[in-house]
Amino acid sequence: MSDLLERLRAGLPPETLITDADVTASYAHDMASFCEAGVPAVVVLPRTVEQVQHVMRTATALRVPVVPQGARTGLSGAANASDGCIVLSLVKMDRILEISPVDRIAVVEPGVVNATLSRAVNEHGLYYPPDPSSWEMCTIGGNIGTASGGLCCVKYGVTAEYVLGLEVVLADGRLLTTGRRTAKGVAGYDLTRLFVGSEGSLGIVVKAVLALRPQPPQQLVLAAEFPSATAACDAVCRIMERGHTPSLLELMDRTTVRAVNALSGMGLPETTEALLLCAFDTPDPAADLAAVGALCTAAGATEVVPADDAAESELLLQARRMSLTALETVKSATMIDDVCVPRSRLGAMLEGTAAIAERFDLTIGVCAHAGDGNTHPVVCFDHTDPDESRRARASFDEIMALGLELGGTITGEHGVGILKKEWLARELGETGMELQRNVKAAFDPLGLLNPGKLF
Ligand SMILES: Cc1cc2nc3c(=O)[nH]c(=O)nc-3n(C[C@H](O)[C@H](O)[C@H](O)COP(=O)(O)OP(=O)(O)OC[C@H]3O[C@@H](n4cnc5c(N)ncnc54)[C@H](O)[C@@H]3O)c2cc1C
C-alpha cells in the first residue's frame, strides 16, 4: 500500500489523490442494489491524460486493479470498487474541448455531464441526442462505458451511434487513438465501437469525438391512457407499423404513475393501467400527434391528451424521467431490470412480467422505452424480509429468462456489470464468451481493468 501511494504521488499533484478511508468508501459503488463492492486503496481524480497514464503505468507495475468511474449513476454495479483497487474517477476531466458546427462534432473529456454538453451544443443550433434519464448527473465517459440509451433513442439511436472516435489510455499506460472525426471512415476494425459498452474493462476513455445533429424543432408530447398494458403495446405496434417516427415513445404502468404522483404530486391519472407518452419534433408535431392519437384510440385508449405547449410537454417528460427514482420509494428495496425485446413482443413481455409479479406475490412496477421494446421492470420489496428478498431475486431472474425467450436481450442499456454477469453466457453462448474473453485478454492481459465485471 505505501509503495502504491508513493509511486502514485511521484507523478500526481496532491489534490488528485484521496486516501482518507471515510471519503474513499463513498466511491465504493454505483446506484445498483445488491452488487458487492470492495474497499478501494485509493481514489485518484486526474486532470490530464498524462496523469491517467501515470496511474495505469503504476497499476501495471504493481499489479493493482483499476476501476474507472464517472458519476456512479450506473445501475449494474459496473463502477463498483474491488478490494485494494485504485478508483480512477474521471469527473474532473470535464472540459468541452471543441464544438464544430461545420463538422457537426464535439470533442470532449470523459467527465463532461451529459446535460452540460447538450446545453452547450444547443447554443450552436446543434443537438446531442443520447439522453439517459440521469442526464443531469451522468458523464459522457459513463455513457460510453455503458452504451447508454435514453428517451429519444426510438428516433435517434443510442450512444454507440454518436461516438466517432476516442482517445483511450490502455492498461499499460499507452495512449490509443481510435476512429475518426470525419463523416465516414472504414480503416481497420472498428475499435471505437468495441470500447462503447465495454464497461471500463478494456481501457480508460480520456477523450471522445461525438457526432452532433442539427437541433430539431421543439417536441410536443401526447399522453394516452389505456385500460391495459396490452392495449398500450398494441398502440406502440400500430404507431411503428404505420411508419411514424416519434421522437419519444414511453410507457408508465399504474404502479409507476402512482409512485411518481407520490413523489412529486404531479397528479397524473391513477386510474389508467398504462400511460403512453408519445412525442414528435417534426415541423408540424400537432398533426403527427393527431394521427398517433387516432391510432391510440383505435387500440383502446380511454383518454388521449396532447400537451398544450412545450412547458406541459416538459412536465410529462419529467414524470417519465423520475420513474425509476419514484419506484425506488415504493418499498425499502428495488431490483431494476432492463430487458429489451423486439417491439413486436413488448405486449408479451409486459403480460409475462405481470404474471411473474402475481406468481411471486410481489409489486413489480414497469416503465419502458416502449418504442425500443426496452422495459424496466422494477421489483419492489422489503429487504428485511428474507422470504420476500428471495422471491424478488427469483422474479428478477425469471424476467431475464422471459426476455431471452422472447428473442430479447438481458440488458438494453444498463449493462452487465456485476448484476447480470451470471446471465451473460446464457445470452452469448460458449463461442461468444470465448471470443469476448480473448478480446479482453488482448487489451488487458493482466486483467487489471475493472475486474469481476461482465465475466
Ligand atoms: C435515475 C436514473 C435514471 C437512469 N436512466 C437511464 C436511462 O434512461 N438510460 C440509460 O442508459 N441509463 C440510465 N441510467 C443508468 C446510468 O445513468 C447510465 O448507465 C450512465 O451512462 C452512467 O454514467 P456515469 O457517469 O454515472 O458512469 P458510471 O456509473 O460511473 O460508470 C458506468 C460504467 O462506465 C465505466 N466508465 C466510466 N467512465 C469511464 C471512462 N472514462 N473510461 C472507461 N470506462 C468508464 C465504468 O467503469 C462503468 O463500467 C439511469 C440511472 C439512474 C440513477
Should the heavy atoms of other residues, nucleotides or ligands under 6.0 Å from [atom1] of [X] be counted, would the total exceed 12?
{"X": "Glu136", "atom1": "CD", "answer": "yes"}
{"X": "Glu36", "atom1": "CD", "answer": "no"}
{"X": "Glu430", "atom1": "CD", "answer": "no"}
{"X": "Lys440", "atom1": "NZ", "answer": "yes"}
{"X": "Gln318", "atom1": "CD", "answer": "yes"}

Practice task
Any chance you could lay out the salt bridge (charged side-chain N to carboxylate O under 4.0 Å, His left out) test for Lys420 and Asp397, step after step, and finish with the verdict?
Solution key: CA-CA 9 Å; Lys420 297 191 166 180; Asp397 286 351; over 6 Å; no

Is it true that [X] and [Y] have a side-chain N and a carboxylate O under 4.0 angstrom from each other?
{"X": "Glu314", "Y": "Arg321", "answer": "yes"}
{"X": "Asp281", "Y": "Lys155", "answer": "yes"}
{"X": "Arg95", "Y": "Glu109", "answer": "yes"}
{"X": "Arg181", "Y": "Asp103", "answer": "yes"}
{"X": "Glu161", "Y": "Arg193", "answer": "yes"}

For [X] and [Y], indicate whether the former's side chain and the latter's backbone hold a donor-acceptor pair under 3.5 Å.
{"X": "Asp372", "Y": "Cys340", "value": "no"}
{"X": "His54", "Y": "Leu8", "value": "yes"}
{"X": "Thr139", "Y": "Gly142", "value": "yes"}
{"X": "His414", "Y": "Ser76", "value": "no"}
{"X": "Gln69", "Y": "Leu88", "value": "no"}
{"X": "Thr146", "Y": "Gly197", "value": "no"}
{"X": "Glu167", "Y": "Thr177", "value": "no"}
{"X": "Asp338", "Y": "Asn374", "value": "no"}
{"X": "Arg242", "Y": "Val292", "value": "no"}
{"X": "Thr16", "Y": "Leu12", "value": "no"}

Distance from [X] atom [atom1] to [Y] atom [atom2], nearest 0.5 Å?
{"X": "Leu126", "Y": "Ser118", "atom1": "CG", "atom2": "OG", "value": "11.5 Å"}
{"X": "Asn80", "Y": "Cys85", "atom1": "CG", "atom2": "SG", "value": "10.0 Å"}
{"X": "Leu317", "Y": "Glu312", "atom1": "CG", "atom2": "CD", "value": "11.5 Å"}
{"X": "Met93", "Y": "Gln51", "atom1": "CE", "atom2": "CD", "value": "8.0 Å"}
{"X": "Leu350", "Y": "Arg345", "atom1": "CG", "atom2": "CZ", "value": "12.5 Å"}
{"X": "Leu449", "Y": "Asp444", "atom1": "CG", "atom2": "CG", "value": "4.5 Å"}

Problem - Aromatic Tyr156 / basic Arg213 pairing, under 6.0 angstrom, 45° off normal - result: no

Side-chain contact, heavy-atom cut-off 4.5 Å: [X] with [Y]?
{"X": "Asp253", "Y": "Thr256", "result": "yes"}
{"X": "Glu328", "Y": "Ile336", "result": "yes"}
{"X": "Ile418", "Y": "Phe34", "result": "no"}
{"X": "Pro132", "Y": "Cys138", "result": "yes"}
{"X": "Leu5", "Y": "Val42", "result": "yes"}
{"X": "Ile410", "Y": "Leu404", "result": "yes"}
{"X": "Ser82", "Y": "Val67", "result": "yes"}
{"X": "Leu289", "Y": "His244", "result": "no"}

Practice task
Show the numbers, then the answer: is there a side chain to side chain contact (heavy atoms under 4.5 Å, CB included) between Asp337 and Val379?
Solution key: CA-CA 8 Å; Asp337 224 320; Val379 185; 5.9 Å; no

Practice task
Check the pair Ile99, Leu212 against side chain to side chain contact (heavy atoms under 4.5 Å, CB included), reporting the backbone distance first and the verdict last.
Solution key: CA-CA 9 Å; Ile99 295 172; Leu212 304 172; 4.3 Å; yes

Practice task
Please step through side chain to side chain contact (heavy atoms under 4.5 Å, CB included) for the pair Ser148 and Trp135, ending with a clear verdict.
Solution key: CA-CA 10 Å; Ser148 244; Trp135 71 322; over 6 Å; no

Closest heavy-atom pair and its distance - [X], [Y]:
{"X": "Arg426", "Y": "Ala401", "answer": "NH2-CB, 4.3 Å"}
{"X": "Val87", "Y": "Pro40", "answer": "CG2-CB, 3.8 Å"}
{"X": "Cys152", "Y": "Asp131", "answer": "N-OD1, 3.1 Å"}
{"X": "Cys380", "Y": "Leu327", "answer": "SG-O, 3.8 Å"}
{"X": "Gly417", "Y": "Lys421", "answer": "O-CB, 3.6 Å"}
{"X": "Thr334", "Y": "Ser33", "answer": "O-OG, 3.1 Å"}

Practice task
Examine the side chains of Glu413 and His376 and answer whether a donor and an acceptor come within less than 3.5 Å of each other.
Solution key: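 Per modelled atom types, Glu413 and His376 side chains form a pair under 3.5 Å.
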
Practice task
Verify the distance criterion only: is there a donor paired with an acceptor across the side chains of Asp172 and Thr60 at less than 3.5 Å?
Solution key: no

Exercise for the section: For the pair Thr282 and Asp288, evaluate side chain to side chain donor-acceptor pair (under 3.5 Å) and give the outcome as yes or no after the intermediate values. Expected result: CA-CA 8 Å; Thr282 47; Asp288 289 312; 2.5 Å; yes

Handout entry: Phe195-Tyr189 aromatic ring centre distance below 6.0 Å
Key =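 That pair fails the under 6.0 Å test.
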
Practice task
Go through the steps for Leu191 and Leu194 under the test side chain to side chain contact (heavy atoms under 4.5 Å, CB included), then give the verdict.
Solution key: CA-CA 5 Å; Leu191 297 185; Leu194 186 58; 4.2 Å; yes

Problem - Asn143 and its side-chain hydrogen bond (donor to acceptor under 3.5 Å, both in side chains) partner, picked from Thr159, Asn114, Thr73 - result: Asn114

